[in-house]
Amino acid sequence: VQLQASGGGLVQAGGSLRPSCAASGRAFSSYAMGWFRQAPGKEREFVAGASRSGSITDYADSAKGRFTISRDNAKTTAYLQMNSLKPEDTAVYYCAATSVGVTSGILDYRYWGQGTLVTVSS
């Protein structure tokens, strides 16, 4: 499966963004999806994950209560609704696909999008 992330941008603290991840190739609904992020000088970290149907989700502590992962299997697209953004959320956000199921383990994800930059100004 090929993944294309988009929808990043520049936003003020307290604002919202909704990056999306469009998939093509093998059946999108056969993969669980995840969002990761990588800030400058830091390791890539898990943000959120969703099961194949989207009914099961998981979030990093930093994302709980502010971010929502969702997916539309008919449109073969995953989303990450980000609200109440903080400057520390600034990073390149990556979507990824795994056949493992909902997981925060970066090594479980086989397919990766190219990333979309989110910048939150104070």
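All residue numbers refer to positions in the sequence shown, counting from 1.
Residue pairs meeting the side-chain hydrogen bond (donor to acceptor under 3.5 Å, both in side chains) criterion with at least one partner in residues 64-77, sequence neighbours excluded, are Asp61-Lys64, Arg66-Asp89, Arg71-Asn73. Here disulfide (SG to SG under 2.5 Å) pairs that include residues 37-94, with residues two or more places apart or in two chains, number zero. The disulfide (SG to SG under 2.5 Å) analysis of residues 31-89, with sequence neighbours excluded, yields no pairs. For residues 64-105, no residue pair satisfies the ring-ring contact (aromatic ring centres under 6.0 Å, His included) rule, not counting sequence neighbours.
Clustering ILVMFWY residues whenever any of their side-chain heavy atoms sit less than 4.5 angstrom apart, transitively, puts Val92 in the very cluster that holds Ile106. A chain of hydrophobic side-chain contacts below 4.5 Å, direct or via other Ile, Leu, Val, Met, Phe, Trp or Tyr residues, connects Val47 to Met82. Tyr59 is connected to Leu85 through a chain of hydrophobic side-chain contacts under 4.5 Å among Ile, Leu, Val, Met, Phe, Trp and Tyr, so both are in one cluster.
Across all non-hydrogen atoms, the minimal contact from Gly34 to Ile69 is CA-CD1, 4.5 Å. When every heavy atom of Leu80 is checked against every heavy atom of Ala48, the shortest pair comes out as CD1-CB, 4.1 Å. Contact detail for Arg52 and Ser99: the closest heavy-atom pair is NH2-O, 2.6 Å.
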Solution key, residues 113-122 side-chain donor-acceptor pairs under 3.5 Å, sequence neighbours excluded:
{"residue": "Gln114", "atom": "OE1", "partner": "Ala5", "partner atom": "N", "Å": "3.2"}
{"residue": "Gln114", "atom": "NE2", "partner": "Ala5", "partner atom": "O", "Å": "2.7"}
{"residue": "Thr116", "atom": "OG1", "partner": "Gly8", "partner atom": "N", "Å": "3.0"}

Please table the atom pairs, donor to acceptor, closer than 3.5 Å between any side-chain atom in residues 10-21 and protein atoms at least two apart or in another chain.
{"residue": "Ser16", "atom": "OG", "partner": "Asn83", "partner atom": "OD1", "Å": "2.9"}
{"residue": "Ser20", "atom": "OG", "partner": "Ser6", "partner atom": "OG", "Å": "3.3"}

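For Val100, the side chain to side chain contact (heavy atoms under 4.5 Å, CB included) test picks out Thr98, Thr103, Asp108, with sequence neighbours left out. For Ser55, the side chain to side chain contact (heavy atoms under 4.5 Å, CB included) criterion is met by Ser51, Ser53, not counting sequence neighbours. Listed by chain and number, the residues in a ring pair (Phe, Tyr, Trp, His ring centres under 6.0 Å) with Phe36 are Phe46, Tyr109, Trp112 (sequence neighbours excluded). For the ring pair (Phe, Tyr, Trp, His ring centres under 6.0 Å) test, residues two or more places apart in sequence or in another chain that qualify with Tyr111 are Tyr31. Partners of Glu45 under the salt bridge (Lys or Arg N to Asp or Glu O under 4.0 Å) rule, at least two apart in sequence or in another chain, are Arg37.
Here Ile56 is tied into one hydrophobic group with Val102, each link being a pair of ILVMFWY side chains closer than 4.5 Å.
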